[in-house]
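Accompanying notes for the structure given below.
When a ligand or atom number is given, it counts from 1 through the structure's own listing order.
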Amino acid sequence: MDSTDTDSDFERLQKLFNAVQAITKVGGWEVDLLNDTLFWTEETYRIHDTTPEEYTPCMANAGDFYAPEWVPVITLAFSNAIEKGTDFNHELELITAKSRRIWVQIYGTVTMSQGKVIKITGAFQDITERKKAEQELWRQGNFDFLTELPNRKMFRYCLEQETKKAHRSAKRVALLFIDLGHFKEINDTVGHDVGDTVIKEAARRLASCVRETDTLARLGGDEFTVIVGELDDYTRAEGIANNLLQKLAEPFHIGDEVAYLTASIGITFYPDDATEVDALLKNADQAMYAAKEQGRNRFQYFTSSMQEVAVARGIIANNLRGALNNNEFRLVYQPIVELASGTIHKAEALIRWYHPTRGLINPVDFIHIAEENGMIIDIGEWVFQQTAQQVARWRALYCADFQISVNTSPVQYHDSDERMAQWFDYLQTLGLPGDAIVAEITEGVLMDTHSEITNKLRALRDVGIQISLDDFGTGYSSLSYLRKFDIDYIKIDRSFVHNLQHESRDMALCDAIIVMAQKLGLKVVAEGIETEEHRNLLTAAGCDYGQGYLFSKPVPPEDFERLFDGG
Ligand code: C2E
Ligand code: MG
Ligand code: MG
């Protein structure tokens, strides 16, 4: 009676144990080294896709189900447990009785008696789902979902590995930084779906130009990199760059659309140019930038002078942040003269930066940097407010219809905040109508098809602020843009005025621009008038306004007021 009771207790416990294991999905097992037996619980059988009827575990076949590459791991774990009494815990793969490949976690702990291991007891758990989730997370964290290429993180890891390998074998690594031109236009004009397809196709073409051992990665947007490892010389990198440029220049056919891309490539070498991953990336980026500045579809090697230029840019960018607060900017004003009468009712405001140690810095040396780091938004706002105050003063003192142009950057039209929308309110607080101010834009603004830009331009016009198209003739100069927006003035770029002579090619161009503008009802301002001859030729051609050193250089407001007094 006693013994049956004990037996049934044991059976009940065994059932309970199995039930708990079934719920937690943890299988148990035990090796009895004294009796040379191996025991599995129900869940362990289930994990192995088998049953006690079909399979009898024993020490001799303990390794049956492990995937071959994991056999050494588990063998070593068992021999360490038996000989040294070490517990173990491993994640490895099994091939079940139904040939399913699964991940399990196997845990084993030893029982000792008189200094010898007599039992190893352990647990088994199917962790396939968790492993899959982990692998998916890893993939998402390291690969670009669109192109399935390595992402920035993976790229960095690969570059590190390649440079270590190159260090050991005394070879070189080339890093190519590829930036696609015109991609933004494609995205803007035909939509993001087509843009995605273009990126995928571009990635495919790039991949076709590199070896399996090279790493092609997408850093984001339209930026790709190629790591070319184990180089003996520099020539292979150039070959790849040429190949890439050629492949990308072929037209992209997407449905009914045909798109064209360009590319700029920067190349740098490990260890010649730098040894650290960040420095290499920066070099390649700088070289790419230099390639872009030379025109599209080019590649450019990194040189140390690029670094100097970049350092100087960095210093300017840093100093720019404090310049507004430190009150280092000033505006100068250049008169815009009505050519037929010689009167001055207009001016252009131009910014100057008086740096505490470097002295005067001209806008060409800092505006593009301010555009890159976004500072131009605050600067542009300051320029507008200063100008508005100035025009209020001059209207009150000298000339009731005075008007000043401010240069605006394309970045200001992208800015998502609504500062430009408040320009009119600001003018009103000064008692000024909208047409006291003209916003000068460049053709880049008109080319952009983002609706926020069009909306902002329209909003300016709606409150009477006039629009002037600056540097006309140097950019895309498309008539369709002129018709799409209500533009009030076009400014002929000074490069056309510079060599102006009777019956020259530039004269023909100026004539054409003036005739076209008159037809479209626009006024024309000629920039850079330096001589009497320039003025006479342009006046005779019917140009409305002129601006240039012949009349006055851009001057501080006090000096400008003397022009009123004198004229
Ligand atoms: P821009 O708007 O085309 O301005 C005309 C430039 O030509 C000015 O250069 C002016 O000083 C110069 N200039 C005027 N008359 C003559 C002349 O007879 N001969 C010659 N050789 N040059 C003449 P500046 O002031 O150095 O400005 C350069 C550019 O910087 C401007 O070109 C404009 O694009 C930009 N800029 C200036 N101020 C601002 C600003 O407040 N905001 C923004 N976003 N850009 C600005
Ligand atoms: Mg201008
Ligand atoms: Mg201009």
Glu440 atom (N/O/S) at minimal separation from the Mg ion (ligand 2): OE1
Less than 4.0 Å is my threshold; does some heavy atom of Gln412 fall inside it relative to ligand 1? no
Got more than 12 heavy atoms from elsewhere within 6.0 Å of CD, Glu338? yes
Please find the pair of heavy atoms, one from Gln390 and one from Pro557, that lie closest to each other, and give the distance. OE1-CB, 3.5 Å
With only distance considered, is Thr408 within less than 3.5 Å of ligand 1 through an N or O on each side? no
Decide whether a cation-pi geometry holds between Arg205 and Phe252; the criteria are a distance under 6.0 Å from NZ or CZ to the six-membered ring centre and an angle within 45° of the ring axis. yes
How far is atom 35 (C) of ligand 1 from its nearest protein heavy atom, and which residue and atom is that? Pro363 CB, 4.2 Å
Atom 42 (N) of ligand 1 protein-contacted, heavy-atom criterion under 4.0 angstrom: yes
Taking the N/O/S atoms of Asp470 one by one, which is nearest to the Mg ion (ligand 2)? OD2
Closest to the Mg ion (ligand 2), among the N/O/S atoms of Glu348, is atom OE2
Heavy-atom pairs closer than 4.0 Å: do any link ligand 1 to the side chain of Gln547, the backbone, both, or neither? neither
Report the part of Val406 in contact with ligand 1, treating N, CA, C, O as backbone and CB onward as side chain, heavy atoms under 4.0 Å; options are side chain, backbone, both, neither. neither
Nearest option to atom 22 (N) of ligand 1, as decided by whichever heavy atom of Tyr549, Trp353, Phe551 sits closest: Tyr549
Is Val383 in contact with ligand 1, taking contact as a heavy-atom separation below 4.0 Å? yes
Just to check, does Arg494 reach to within less than 4.0 Å of ligand 1 when the distance is taken from its heavy atoms? yes
To 10 degrees, how wide is the angle OD1 (Asp471) to the Mg ion (ligand 3) to OE2 (Glu527)? 150°
Under-4.0 Å heavy-atom contact with ligand 1, by part of Lys553 that carries it: neither
For ligand 1, is Gly380 a contact, meaning one of its heavy atoms is under 4.0 Å away? no
Answer yes if the ring centres of Phe299 and Phe177 are under 6.0 angstrom apart, and no otherwise. no
Name the orientation class of the two ring planes belonging to Phe384 and Trp423 (parallel below 30°, tilted from 30 to 60°, perpendicular beyond 60°). parallel
Flag Asp493 as yes if one of its N/O/S atoms falls below 2.8 Å of the Mg ion (ligand 3), otherwise no. no
Check whether any N, O or S atom of Asn407, backbone or side chain, sits closer than 2.8 Å to the Mg ion (ligand 2). yes
Neighbour count above 12 (heavy atom, 6.0 Å) for Gln246 CD: no
Gap between atom CG of Asp179 and atom OG1 of Thr225 - 0.5 Å precision: 12.0 Å
Quick check: does Asp470 get an N/O under 3.5 Å from an N/O on ligand 1? yes
Examine the proximity of ligand 1 to Leu331 and report which part, side chain or backbone, both or neither, has a heavy atom under 4.0 Å away. neither
Would you kindly specify which portion of Glu348 sits under 4.0 Å from ligand 1, judged on non-hydrogen atoms: side chain, backbone, both or neither? side chain
How far is atom 10 (C) of ligand 1 from the closest protein heavy atom, and which atom is that? Leu350 CD1, 3.8 Å
Side-chain (Glu223) to main-chain (Ile178) donor-acceptor, under 3.5 angstrom: no
If you draw a 6.0 Å radius around NE2 in His355, do more than 12 non-hydrogen atoms from other residues or ligands fall strictly inside? yes
When you compare ligand 1 with Ile351, is there at least one nitrogen or oxygen pair between them that comes in under 3.5 angstrom? yes
Proximity winner for atom 33 (C) of ligand 1, if only heavy atoms of Ile441, Asp471, Ile376, Asn407 are counted: Asn407
Under 4.0 Å from a heavy atom of Gly548: give me the atoms of ligand 1 that qualify, with their elements. 15 (N), 18 (O)
Does ligand 1 have any atom that is closer than 4.0 Å to a heavy atom of Lys491? no
Is the distance between the ring centroids of Phe402 and Phe564 less than 6.0 Å? yes
Knowing that exactly one of Leu324, Thr387, Ile377 qualifies, which makes a side chain to side chain contact (heavy atoms under 4.5 Å, CB included) with Trp382? Leu324
What's the shortest heavy-atom distance between His502 and Leu537, and which atoms? N-CD1, 3.8 Å
Show which atoms of ligand 1 fall inside a sub-4.0 Å distance from at least one heavy-atom site of Glu527. 3 (O)
For the residue pair Tyr489 and Tyr545, categorise the inter-ring angle as parallel (less than 30°), tilted (30 to 60°) or perpendicular (more than 60°). perpendicular
Residue pair Gln547 / Arg494, side-chain heavy-atom distance below 4.5 Å: no
Check: Ile404 and Val438 side chains under 4.5 Å, non-hydrogen atoms: no
Give the residue and atom name of whichever protein heavy atom lies nearest to atom 19 (N) of ligand 1, and the separation in Å to one decimal. Glu530 OE2, 2.5 Å
So which protein heavy atom does atom 15 (N) of ligand 1 come closest to, and at what separation? Gln334 NE2, 2.9 Å
Ring pair (Phe, Tyr, Trp, His ring centres under 6.0 Å) evaluation trace for Phe560 with Tyr398: CA-CA 11 Å; Phe560 199 97; Tyr398 303 103; 9.0 Å; no
shortest atom 11 (O) of ligand 1-to-protein heavy-atom contact is with Pro554 CG, 3.3 Å
Please check if atom CD in Glu503 has more than 12 non-hydrogen atoms from other residues, nucleotides or ligands closer than 6.0 Å. no
